[in-house]
Amino acid sequence: MLKLPPSRYFAYLLSLFGLLVSLPLAIAGLVGYWLPGILALLAALGTYDLLQRRHSVSRNYPILANIRYFLESFGPEIRQYFIQSDTEERPFSREQRAIVYQRAKNTLDKRPFGSQLAMYEEGFEWMNHSLQPTRIDNPDFRVVIGADCDKPYQASVFNISAMSFGSLSANAILALNTGARKGGFYHDTGEGSISRYHRQPGGDLVWEIGSGYFGCRNDDGSFSEEKFIENATRDQVKMIEVKLSQGAKPGHGGILPGAKVTPEIAEARGVPVGQDVVSPASHSAFSTPRELLVFIDRLRELSGGKPVGFKLAIGHPWEWFAIVKAMLETGRRPDFIVVDGGEGGTGAAPLEFINRLGMPLTEALLLVHNTLVGTHLREHISIGAAGKITSAFNIARTLALGADWCNAARGYMFALGCIQSLSCHSGKCPTGIATQDPGRSQGLDVANKSERVYHFHHNTVSALANLLAAAGLTHPSELGPEHIIRRVSRNEVSSYLDMYAFLEPGALLRGRTGQAVFDRYWPMADSTSFDPPASIRQLRESKLR
């Protein structure tokens with residue numbers, strides 16, 4: 001009995017049969033040559049699928065498997081644009097993106113028919129209003145950073161977070177900095193240093209210095225004081241930020257392949273053109289908490305008295321406590337600390353780092369704020385915070401938890417026109433933002449997008465002013481944990497003041513706090529080392545716990 005081939009070969013066999021039938025017909029002039037041409041291409045594809053050994057699905061389903069691969073290639077876009085609801089955050093909801101787009105375009109940002117959010121579900125948050133609302137005529141809120149420095153800086157309450165030239169295109173950097181100049185807020189350079197595209201518009205810069213010391217490095221990758229002075233003393237540079245870790249990939253170094261090190265990137269970073277550039281996982285200029293503070297003091301001196309601080313994502317609590325103990329014991333301290341939440345991430349990173357490494361912003365910010373309050377250092381050190389901040393309410397809740405100002409990266413990318421295609425790491429960004437492909441980046445119009453950046457900042461800060469006025473406040477500094485309410489169950493709500501534990505001033509210096517993280521790890525922390533305490537090392541040496 002004749003055995004028929006499996007049905008999964010139907011498309012391949014049909015293409016072969018069609019080619020055999022259509023080719024003579026085309027030669028006879030009965031059909032166009034386009035038909036056997038198409039069938040020949042399909043037959044060739046099916047033959048290749050059968051002979052290749054890399055994809056078993058293709059071998060089992062010649063031709064048909066390619067339809068699957070094609071549909072899979074734009075599956076995320078299908079889900080994002082047609083399946084997900086307006087309020088589903090993956091990683092930003094359509095509603096979150098839409099409010100940025102509308103404010104960036106300076107168009108109507110109002111919504112009809114009430115909220116789409118589930119107000120009775122656990123986790124819903126809101127801000128209490130007052131029966132005595134205030135009026136705020138000037139929403140240009142400022143935060144003084146480095147008040148004891150020779151050159152303190154008055155920062156906006158909402159700024160552009162760290163994104164390097166190299167990760168972003170030249171036109172994206174130009175548009176961001178032009179918008180920052182017009183709006184009077186700062187633009188963090190990212191660890192890729194200060195490029196010609198940061199300098200050209202003239203907007204305020206915070207120069208981020210990572211472990212690669214780009215823009216201030218010797219040929220061997222070590223820190224160069226001479227090159228640091230050259231950049232740090234520029235009038236455009238308002239503050240210097242030492243990056244200890246970032247929310248996207250804490251504790252992870254990186255490598256920029258030589259093929260991507262163009263002359264412009266090499267110029268900004270101070271590295272050879274066309275050679276691999278390594279960002280180590282840790283710094284070489286210091287290795288202990290005390291050395292970190294000495295390094296910060298030296299940078300402040302070399303910069304001519306500009307505020308100097310550091311950015312970190314919180315990991316092991318004893319390492320953070322060791323830095324604070326070093327401040328207490330040496331009298332040295334940073335002018336500011338930027339807390340980067342584990343949910344941060346314009347930079348591409350391994351999935352486990354994105355999803356499961358690093359403390360989320362709420363807990364990280366609370367730990368940093370409480371530690372400084374508990375050691376009488378809070379009034380001397382300003383705190384910035386970054387982590388999925390796109391709206392005035394995001395800013396308000398972050399300030400209520402202890403921050404003085406907020407930064408945003410992805411919010412400003414949306415303002416530039418980012419459509420969340422999730423292709424930042426591929427070099428194929430459809431909007432010309434996260435790419436070094438000139439053919440793609442030239443599609444980003446600097447004049448238009450810089451206006452969008454400016455309007456997004458202005459309208460978001462204006463919305464913050466409206467929230468504050470409705471709550472009976474006059475400045476973001478008045479926000480506290482009592483102003484933000486969260487639903488903890490369907491029948492119970494609680495303010496941040498009651499939900500979270502806040503230390504009394506000096507509590508850490510007096511002894512036990514009643515909070516496990518402080519009572520367990522604060523006594524263990526050592527200002528002379530980031531190494532784990534002896535008790536932690538013993539736990540690592542045995543499973544008998």
Side-chain angles (χ1 to χ4, degrees), residues 1-95 97-98 101 169 257 259-260 345 348-352 354-355 413-414 417-444:
M1 183 176 180
L2 179 65
K3 185 177 181 181
L4 296 175
S7 59
R8 63 178 183 270
Y9 292 125
F10 176 76
Y12 176 54
L13 295 174
L14 184 63
S15 67
L16 290 174
F17 178 76
L19 176 61
L20 292 175
V21 172
S22 63
L23 187 57
L25 294 176
I27 294 173
L30 299 177
V31 298
Y33 277 100
W34 61 267
L35 180 58
I38 292 174
L39 291 170
L41 290 175
L42 288 173
L45 176 61
T47 302
Y48 172 79
D49 286 341
L50 284 172
L51 295 177
Q52 61 83 38
R53 295 184 174 276
R54 186 176 182 182
H55 299 292
S56 59
V57 175
S58 296
R59 296 187 74 189
N60 286 326
Y61 296 87
I63 299 179
L64 295 176
N66 294 279
I67 299 175
R68 173 188 182 274
Y69 298 142
F70 173 71
L71 294 174
E72 186 181 46
S73 69
F74 55 85
E77 287 79 8
I78 293 294
R79 289 190 295 273
Q80 178 177 319
Y81 299 131
F82 300 108
I83 298 175
Q84 291 178 3
S85 71
D86 287 348
T87 58
E88 187 177 356
E89 298 185 30
R90 299 293 172 85
F92 287 85
S93 70
R94 186 179 288 108
E95 183 179 71
R97 300 195 307 274
Y101 297 149
S169 67
K260 294 185 178 181
L351 180 67
E352 293 85 357
I354 289 175
N355 286 343
M413 288 176 68
F414 290 139
C418 169
I419 60 172
Q420 195 172 272
S421 68
L422 306 183
S423 56
C424 308
H425 60 300
S426 69
K428 298 179 180 180
C429 173
T431 58
I433 297 171
T435 181
Q436 292 302 302
D437 181 346
R440 292 176 178 270
S441 62
Q442 69 181 2
L444 192 156

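Counting only residues at least two apart or in different chains, side-chain hydrogen bond (donor to acceptor under 3.5 Å, both in side chains) contacts with residues 8-28 comprise Tyr12-Thr47. Applying the ring-ring contact (aromatic ring centres under 6.0 Å, His included) test to pairs two or more places apart or on separate chains, none has a residue in residues 17-42.
The two residues Leu444 and Gly432 come nearest to each other via the heavy atoms CD1-O, 3.8 Å.
Annotation: side-chain contact (heavy atoms from CB on, under 4.5 Å) contacts of Leu23 (sequence neighbours excluded): Ile27, Pro36. In this structure Gln52 satisfies the side-chain contact (heavy atoms from CB on, under 4.5 Å) test together with Tyr48, Arg54, His55, Ser58, Arg59, sequence neighbours excluded. For Asn66, the side-chain contact (heavy atoms from CB on, under 4.5 Å) partners are Leu45, Asp49, Tyr69, not counting sequence neighbours. For Leu25, the side-chain contact (heavy atoms from CB on, under 4.5 Å) partners two or more places apart in sequence, or in a different chain, are Val21, Leu30, Val31.
To the nearest 0.5 angstrom, Leu14 atom CG is 7.5 Å from Leu39 atom CG. One finds the CG atom of Asn60 at 9.0 Å from the CG atom of Leu50 (value rounded to the nearest 0.5 Å).
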